[in-house]
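The block underneath contains the structure these notes are about, expressed in C-alpha cells.
It should be emphasised that the depicted structure is a prediction, and the values quoted were computed from it without experimental measurement. So that the names make sense, note that chain A is the first sequence line, chain B the second, and so on, each numbered from 1.
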Number of protein chains: 2
Amino acid sequence: MTTDRLRELLKEKGLKVTPQRIVIFEAVVNLKNHPAVENIIEYIKIKHPNISIGTVYKVLDSFVENGLLKKVKSENDIMRYDAVLHHHHHLYCATTDRIEDFEDPNLDKLINDYFRKKKIKSFNIKNITLQITGEFNNK
Amino acid sequence: MTTDRLRELLKEKGLKVTPQRIVIFEAVVNLKNHPAVENIIEYIKIKHPNISIGTVYKVLDSFVENGLLKKVKSENDIMRYDAVLHHHHHLYCATTDRIEDFEDPNLDKLINDYFRKKKIKSFNIKNITLQITGEFNNK
DNA sequence: CTTGGTAAAGATAATAATTCTCCTTTAGGA
DNA sequence: TCCTAAAGGAGAATTATTATCTTTACCAAG
Ligand SMILES: [Mn+2]
Ligand SMILES: [Mn+2]
Ligand SMILES: [Zn+2]
Ligand SMILES: [Zn+2]
C-alpha cells in the first residue's frame, strides 16, 4: 500500500488526509506481526513524538469502520490491527503472541463446499476464519 | 456436570472445595451462551449476595488453569467462559454477542486430513478452531 | 472432635486498555 | 483567503481485570 493510494482511499471514504492518518497507517503496514496500539505508538513516536494516544485509537477505529484495516483479537485483551484485508487465517503462537497470516484458497474451497452441502440450521454464515494455534518452529 | 463430580475434580487437582467454587461453577454450567463474569455475578448474587467480585475472577482463573473451564474470547474485550470442554467450534453473532456451540466431527476430520497431507512449513499445529460469524435466524 | 497451617475469600486499591470530554487546530471546499 | 466541519491534543473518566492485604474456613493430622 503506497501513501498515494492511501490518500485516494481516504478521499473516497470522505475522510480528511491528515499527517497523523498517514503516519499511523504506515506504521501498521510496516510493523509486521499485527501490531497492538502500543507497538504503533512506539513506532511513530520516533519520528512524530507529539501524536496523541487518543488520536491513535480514534484513527485506528475509523480505519476499521471504513474498511482500511481489520481488527485481530488476541489471547489477552489487547486489540491488534491488520493491514491485510483479503480473507485469510491466522497462525497463533500462544507462548510468544506471534500472529502470522495464513492463506489457502484450496482449504477455503473445501470448507465452503462442505457448508454449502451441510447447512447449519438457523444460522446464516457470513464468514469462517480458522484460528490455528501452535508453535512456530525455527526463526 | 454434577456437584459431586465437581467435588471430586477439585480434590484431584488439589483445590479446596468451597461453597464459592461450587456456586460459581454451577453458574457457568447453568447459564448458557458462554457467560461473562458480569453474567455470572448477576446469577449468583440472587442466592449468594456476598461473594466478592475478586473471588469470582480468581475462581474462574483457577478453573481455567486446571482445565475445568475454558476461556472464550469475544468481539469486545470481555472474557467469557465455557463449561463444554471437548473440542468444538463457535457460532458468533456480532450484532447480539450470542455465542453458540457447534460440533462437527466430519468437518474436523476433513480439516485434519487436509493438514495431514499439506503441512504448514515451520509451524506445528496444536489446535484448529473455526470462528463462524453470521446471524442467527429465528428465536 | 479439636486444632493449626494454609489455601482461599473478602474488601478495596491499583492497573491498564480504551473511551470520553472539551477545547484547539487544521484540512479542504467555496 | 475564509469558513466550518472534521480531526487532533490533553487529560480525565471508565471499566474489566489484577494486586494487596486481612480475615476466614477447608481439611489433614493428631
Ligand atoms: Mn478494557
Ligand atoms: Mn482490560
Ligand atoms: Zn492477518
Ligand atoms: Zn462453547
Testing D/dG8, C/dA8, C/dA11 for proximity to the side chain of A/Gln20, the answer is D/dG8
Separation of C/dG10 atom P from B/Ile41 atom CD1, nearest Å, is 12 Å
note: A/Ile53, atom CD1; C/dA16, atom P; distance rounded to Å ~ 13 Å
On DNA chain C, more 5' by nearest nucleotide between A/Val37 and A/Leu15 is A/Val37
A/His48 NE2 to D/dG9 C1', in whole Å, measures 16 Å
Does atom NZ of B/Lys47 have more than 12 heavy-atom neighbours from other groups under 6.0 Å away? no
note: A/Arg21, atom CZ; C/dT25, atom P; distance rounded to Å ~ 19 Å
In whole angstroms, the gap separating C1' of D/dA7 from NZ of A/Lys13 amounts to 19 Å
Sorted by number, residues from residues 54-67 of chain A placing a heavy atom under 4.0 Å from DNA chain D are A/Thr55, A/Lys58, A/Val59
The residue among A/Leu68, A/Ile40, A/Leu60 that forms side chain to side chain contact (heavy atoms under 4.5 Å, CB included) with A/Phe25 is A/Leu68
note: A/Ile78, atom CD1; D/dT15, atom P; distance rounded to Å ~ 21 Å
When rounded to whole Å, the CZ to C1' distance for the pair A/Phe25 and D/dG8 reads 20 Å
Here the gap from B/Phe102 atom CZ to B/Leu91 atom CG, rounded to the nearest 0.5 Å, amounts to 6.5 Å
In whole angstroms, the gap separating P of D/dA28 from CG of B/Leu10 amounts to 13 Å
Notebook entry, point to check: Side chain of A/His88, backbone of A/His86: donor and acceptor closer than 3.5 Å?
Noted result: yes
> Does atom CD1 of B/Ile53 have more than 12 heavy-atom neighbours, drawn from other residues, nucleotides or ligands, at distances under 6.0 Å?
Replying inline: no
Does the side chain of B/Tyr114 come under 3.5 Å of the side chain of A/Asp104 through a donor N or O and an acceptor N or O? yes
- Message: Can a side-chain donor-acceptor contact be found between B/Asp101 and B/His89 if the only test is distance below 3.5 angstrom?
- Response: no
Comparing nearest nucleotides in DNA chain D, the 5'-proximal residue of the pair B/Glu38, B/Thr18 is B/Glu38
Testing C/dG5, C/dA9, C/dG10 for proximity to the side chain of B/Lys16, the answer is C/dG5
